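Below is one structure, written out as structure tokens, with a few remarks after it.
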Amino acid sequence: MAFAARATPDSVPIVPLSADGLPAWTAAAPPGAAEWVRATGFAAKPGEVCFLPDGGGRLSRVLAGVAAGGSMWDLAGLPGRLPEGVYRLDAERAPEAATLAALGWALGGYAFDRYTAKARPKAALAWPDGADRAEVERLAAAAALVRDLINAPACDLGPAELAEAARATVEPFGARVETIVGEALLERGYPSVHAVGRAAAQPPRLVDISWGEPDAPRVTLVGKGVCFDSGGLDIKPASGMLHMKKDMGGAAQVLGLARVLMDAGAPIRLRVLVPAVENAISAGAFRPRDVLDTRKGLTVEVGNTDAEGRLILSDALAEAARDRPEAIVDFATLTGAARVALGTELPALFCNDDALAGGLLDGGAAVEDPLWRLPLWPGYRRHIESKVADLHSTGSIPQGGAITAALFLERFVEPDIPWAHIDLMAYNAEARPGRPEGGEAQGMRAVRAWLRARYG
């Protein structure tokens with residue numbers, strides 16, 4: 001990460017300014033500075049930068065245009081725009097604000113350079129006073145892990161590589177990892193994971209991670225790990241398939257979050273379940289109208305093979321509920337309907353417990369990682385009924401697809417176990433400061449904030 005241990009006498013101050021605050025700053029500015037600002041046309045609009053020289057032609061300070069009220073993303077666009085050197089914030093901030101500012105800077109220094117020799121930003125920020133350096137470092141490392149996993153193409157990140165990435169992520173923290181592969185899924189009772197992934201060259205698998213003291217409060221994370229989604233026999237068009245390397249974005253989130261929790265020594269008994277498959281086409285592919293068994297014993301009629309994520313999650317959620325944790329949270333790039341409702345930047349939250357939902361929403365608001373709650377509307381349960389099986393995978397109407405998908409998942413969790421389902425994009429469709437186009441961590445910091453507030 002692009003940080004300096006401390007400010008130096010030569011470090012250049014960064015002055016965040018909103019349009020409303022610019023007049024007061026120029027009125028009190030050093031001689032010549034106000035004239036320079038006016039001459040350059042700097043209006044302190046968000047994203048604008050003004051470089052102020054000193055009398056010797058050197059850079060004396062940087063004015064950064066920000067939105068009124070401040071945000072963690074205020075400085076996120078600067079690492080790639082500033083000349084090489086060490087910079088510092090010109091004013092003290094509250095510890096929470098200093099931590100968010102440092103995290104925004106850290107995320108702004110990310111680049112996916114696995115396949116290119118792209119140079120990383122060389123501007124370094126002195127750690128702001130009061131910032132929680134350890135938390136910034138673990139969150140930035142986790143976000144980089146999430147982004148790297150999602151950005152990796154499916155030719156280099158199939159189910160086997162995803163399982164190995166999970167192992168490499170958590171074993172340094174002393175976690176136990178078990179991976180159930182191929183036909184063993186049938187022997188161990190994960191028939192839906194097997195059915196979805198059996199057509200691919202790499203066999204499907206379930207990654208099961210355990211960490212923490214056995215008598216600590218139990219929290220289980222579940223992440224959808226579809227490493228590539230062709231749509232199966234209900235094949236996607238080329239435009240719909242283009243970004244489907246990201247369909248393991250839910251798995252990436254839970255691995256990043258697990259890394260944060262383990263590094264922080266969270267006082268919980270953590271379990272992470274990742275069903276990892278590729279939804280491919282071959283003679284062995286599952287078909288529309290097939291009836292699949294599930295780990296819970298419910299039968300499912302397949303409405304569309306492109307709705308495969310809920311099938312693999314059904315087995316993982318049933319297993320997650322088996323040891324009755326205090327909470328289950330799953331992440332999944334599950335439905336286009338959630339994107340239609342909320343866009344790409346705002347993950348949908350479904351939850352069967354108001355206290356859990358409130359904690360997640362509050363946590364997301366506190367760390368600028370927002371979620372938006374949508375209803376588990378019981379009136380729509382009739383739309384996932386089947387005439388030949390216990391459940392229908394896709395529902396009988398095209399509307400409300402995110403809700404019917406969540407209602408389907410709800411059937412695999414016991415009603416008295418608090419459960420949250422986060423339906424997310426996990427991808428930036430366009431670049432913004434600190435958030436380059438490509439894979440993104442969404443909801444990860446919100447869940448971390450909730451767990452920290454609840455358990456410490």
Side-chain angles (χ1 to χ4, degrees), residues 154 157-160 162-163 166 178-186 188-200 202-209 220-234 244-255 271-281 284-287 290-322 328-335 384 391-394 405-406 408-413 419 421-424 426:
L157 192 83
L162 180 58
E178 180 184 14
T179 304
I180 306 168
V181 182
E183 296 302 308
L185 290 165
L186 296 176
R188 299 281 295 275
Y190 297 95
S192 286
V193 177
H194 181 271
V196 171
R198 70 193 183 203
Q202 285 192 15
R205 58 205 69 211
L206 179 84
V207 182
D208 187 348
I209 299 167
T220 299
L221 307 176
V222 178
K224 173 187 169 186
V226 178
C227 295
F228 191 83
D229 182 17
S230 70
L233 292 174
D234 289 314
M244 282 301 102
K245 69 177 185 178
K246 80 171 186 66
D247 212 19
M248 39 60 65
Q253 311 298 322
V254 298
L255 293 177
R271 191 178 188 193
V272 181
L273 294 165
V274 174
V277 304
E278 180 179 349
N279 188 19
I281 301 172
F286 75 115
R287 298 161 288 257
D290 278 357
V291 176
L292 305 182
D293 293 322
T294 67
R295 184 165 184 79
K296 192 171 183 180
L298 298 173
T299 56
V300 175
E301 181 184 7
V302 176
N304 188 309
T305 63
D306 194 22
E308 81 299 328
R310 65 200 70 183
L311 298 175
I312 66 173
L313 288 172
S314 71
D315 279 356
L317 287 171
E319 173 58 21
R322 186 182 59 81
I328 299 171
V329 181
D330 80 70
F331 290 78
T333 52
L334 203 66
T335 67
I384 56 172
L391 291 170
H392 194 280
S393 68
T394 54
F408 177 89
L409 296 180
E410 184 187 32
R411 290 293 301 274
F412 296 89
V413 180
W419 160 70
H421 161 56
I422 298 174
D423 188 338
L424 72 163

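All figures in this text were calculated on a predicted structure; none of them were measured in a lab. The basis for the numbers below is simple: all heavy atoms, side chains too, and nothing from hydrogens, waters or symmetry mates.
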In this structure, which one of V226, L317, I312 forms a side chain to side chain contact (heavy atoms under 4.5 Å, CB included) with P275?
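By the side chain to side chain contact (heavy atoms under 4.5 Å, CB included) criterion, P275 pairs with just one of V226, L317, I312: I312.
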What I'd like to find out is whether the side chain of [X] reaches to under 4.5 Å of the side chain of [Y], using heavy atoms alone.
X	Y	value
E319	R271	yes
V254	V274	yes
L162	V207	no
F408	L311	yes
R295	V193	no
V196	P204	no
K224	R310	no

With sequence neighbours excluded, residues passing side chain to side chain contact (heavy atoms under 4.5 Å, CB included) with L298:
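For L298, the residues satisfying side chain to side chain contact (heavy atoms under 4.5 Å, CB included) (neighbours in sequence not counted) are T294, K296, D390, L391, R411, F412.
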Could you state the interatomic distance from [atom1] ([X]) to [atom2] ([Y]), rounded to the nearest 0.5 Å?
X	Y	atom1	atom2	answer
E308	D229	CD	CG	4.0 Å
L206	D315	CG	CG	8.5 Å
D293	S192	CG	OG	7.5 Å
Q253	D330	CD	CG	12.0 Å
D234	I281	CG	CD1	9.0 Å
M244	T333	CE	OG1	7.0 Å

[X] to [Y] - nearest heavy-atom pair and separation:
X	Y	result
F286	T305	O-CG2, 3.5 Å
T394	A307	CG2-CB, 3.5 Å
G284	A199	C-CB, 4.1 Å
H421	A332	CE1-CB, 4.3 Å
S393	V300	CB-CG1, 3.8 Å
G249	A426	CA-CB, 3.9 Å

Whether E178 and R188 form a salt bridge (side-chain N of Lys/Arg under 4.0 Å from carboxylate O of Asp/Glu) is what I want to check.
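A salt bridge links R188 with E178.
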Let's go through V222 and L313 carefully: what are the C-alpha distance in whole Å and the side-chain angles of both, what is the deciding distance for side chain to side chain contact (heavy atoms under 4.5 Å, CB included) to 0.1 Å, and is it a yes or a no?
CA-CA 8 Å; V222 178; L313 288 172; 3.7 Å; yes
